[in-house]
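Take a look at the structure below.
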Number of protein chains: 2
Amino acid sequence: MTGLDTNTEDIILKAARKVFTHKGFDGARMQEIADEAGINKALLHYYFRSKDKLFEAIFVEVLNTVFPKIIAVLMSPVSLFEKIEKVSFNYIEMLKKNPDLAIFVFHEISRNPIRLVGNFKNAGADFNIIKIQIEEEVKAGNMYPIKAEHLIANLISMCVFPFIARPVFMGMAGMDNDAYDQFLEERKQIIPQTIITAIKTRK
Amino acid sequence: MTGLDTNTEDIILKAARKVFTHKGFDGARMQEIADEAGINKALLHYYFRSKDKLFEAIFVEVLNTVFPKIIAVLMSPVSLFEKIEKVSFNYIEMLKKNPDLAIFVFHEISRNPIRLVGNFKNAGADFNIIKIQIEEEVKAGNMYPIKAEHLIANLISMCVFPFIARPVFMGMAGMDNDAYDQFLEERKQIIPQTIITAIKTRK
DNA sequence: TATACTTTTGACCATCCGGTTAAACCAACT
DNA sequence: AGTTGGTTTAACCGGATGGTCAAAAGTATA
């Protein structure tokens with residue numbers, strides 16, 4: 001593919017990402033990563049000193065895949081309703097391309113919550129921007145009040161959780177893989193529709 | 001506490017449940033379970049032949065904690081709106097008492113999706129009941145159409161995901177533990193409010 | 001070609017971990 | 001007290017696993 005694929009360090013990262021995101025830190029084996037990369041196990045330690053170091057490298061990479069783009073949308077200077085639509089679209093689009101990331105990220109964060117703190121706080125997330133924007137929309141009569149925490153929680157939950165619970169939902173609703181992909185595609189519309197309709201309406 | 005606590009088998013199950021749900025199958029150590037139970041490691045193998053067997057025992061137990069009650073509510077003969085309220089309340093209440101279960105269940109299911117199939121299908125879940133109920137509510141003019149899959153996905157997502165993403169949401173919104181517990185409590189109202197308002201309104 | 005360097009490898013090591021075993025412990029019964 | 005049967009333990013085993021090392025292979029430079 002690209003030139004990156006001929007660079008040993010990147011081959012390793014790619015293999016490690018695949019194995020770690022699929023099996024988690026505890027379930028991943030250095031030997032399996034080496035096999036996946038088509039190299040000797042010792043070479044892993046030559047480029048990355050330890051399993052922890054290698055994991056850290058790909059975990060940061062994954063966090064940067066998952067959070068920054070959505071935060072950028074939420075912080076961008078567009079209307080609240082447009083943000084809700086864009087986040088739904090972008091998040092579902094990204095997770096369709098990286099279906100393992102959701103479970104991986106939250107499992108690993110639960111294994112070691114401290115790791116998170118610094119990393120995404122300085123991705124430019126400022127929660128007050130959303131709070132102020134909601135206040136303004138309420139003042140302008142475009143929506144009814146809701147705490148920013150709940151609005152964002154509703155939005156992210158509905159986007160991400162179907163990827164985490166995929167086998168469960170598929171089993172419950174009797175969907176096959178194709179049907180579920182179609183279902184996920186529909187959610188790009190359903191989620192903003194649900195949220196926006198709810199906040200535009202007197203409860 | 002109860003008489004159960006003096007029974008070795010139950011002491012083991014309790015310890016195993018704590019360690020497994022906290023660390024996952026791969027991260028759990030038989031020695032740690034033994035320590036937690038205050039017994040010898042060999043005794044684990046005396047009561048449960050292997051780590052797999054012990055895990056299977058507590059996994060079934062956990063599935064029966066997580067799914068049946070919610071399925072029972074969804075299948076019960078009450079109005080759709082009442083179901084939505086009851087599921088929100090019950091799910092959040094249960095997860096407040098067992099905060100580790102959400103991540104644990106979905107991580108382990110992703111590790112081995114087949115395990116799930118039989119288990120909760122015969123918990124009495126019949127998705128058609130919800131589909132029919134929605135059709136009737138639509139026909140009666142009480143709500144606008146929405147696929148049952150999306151309605152249920154929205155409901156479960158908004159209830160469960162805040163437990164999975166707890167550290168992330170806490171970080172983003174700058175909440176401490178007490179504030180987050182309060183936030184979760186509020187969601188018992190917010191979630192049915194959001195869903196019901198949305199489906200009662202022309203989009 | 002000789003030299004110096006980085007990259008890659010196979011073989012190896014120490015430790016961890018799930019699992020086994022034989023013996024000790026203990027309660028019940030005779 | 002002695003026997004029996006279930007329970008608990010300390011010690012041990014073998015394989016898996018993260019990690020190391022010295023030598024081989026490859027590459028660039030003179």
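Chain letters run A, B, ... following the sequence lines, proteins first and then strands; every chain starts at 1.
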| query | When you check the gap from the basic side-chain N to the acidic O, do A:Glu108 and A:Arg111 get nearer than 4.0 Å? | reply | yes
| Between D:dA10 (P) and B:Ile39 (CD1): distance, integer Å | 12 Å
| task | Assign A:Tyr47 to base, sugar-phosphate, or nothing according to its heavy-atom contacts below 4.0 angstrom with the strands shown. | result | sugar-phosphate
| query | With A:Glu36, which of A:Arg17, A:Gln31, A:Lys18 fulfils side chain to side chain donor-acceptor pair (under 3.5 Å)? | reply | A:Lys18
| C:dG19 C1' sits how many Å from B:Ile33 CD1, rounded? | 14 Å
| said: Can you measure B:Glu32 atom CD to C:dG18 atom P for me and round it to whole angstrom units? | reply: 10 Å
| said: What does the B/S/- profile of nucleotides 17-23 of chain D look like, 5' to 3', with a 4.0 Å heavy-atom cutoff to protein? | reply: SBBBB--
| field | Lys/Arg-Asp/Glu bridge criterion (N-O < 4.0 Å) met for A:Lys131, A:Glu149 | value | yes
| query | Taking 4.0 angstrom as the limit, do A:Lys86 and A:Glu82 come out as a salt bridge? | reply | yes
| request: Establish, yes or no, whether a centroid distance under 6.0 Å links the rings of A:Phe104 and B:His107. | output: no
| query | With ring centroids as reference points, do A:Phe20 and A:Phe59 lie under 6.0 angstrom apart? | reply | no
| field | Interatomic distance, A:Glu9 CD vs C:dT7 P [rounded to whole Å] | value | 10 Å
| query | What is the distance, rounded to the nearest whole Å, between atom CG of A:Asn7 and atom C1' of C:dT8? | reply | 14 Å
| For the pair made of OH in B:Tyr46 and P in D:dA10, what is the distance, rounded to whole Å? | 17 Å
| query | Once you round it to whole Å, what is the distance between C1' of C:dT7 and CG of A:Leu43? | reply | 7 Å
| message | Rounded to whole Å, please give me the gap between CG in A:Leu44 and P in C:dT7. | response | 15 Å
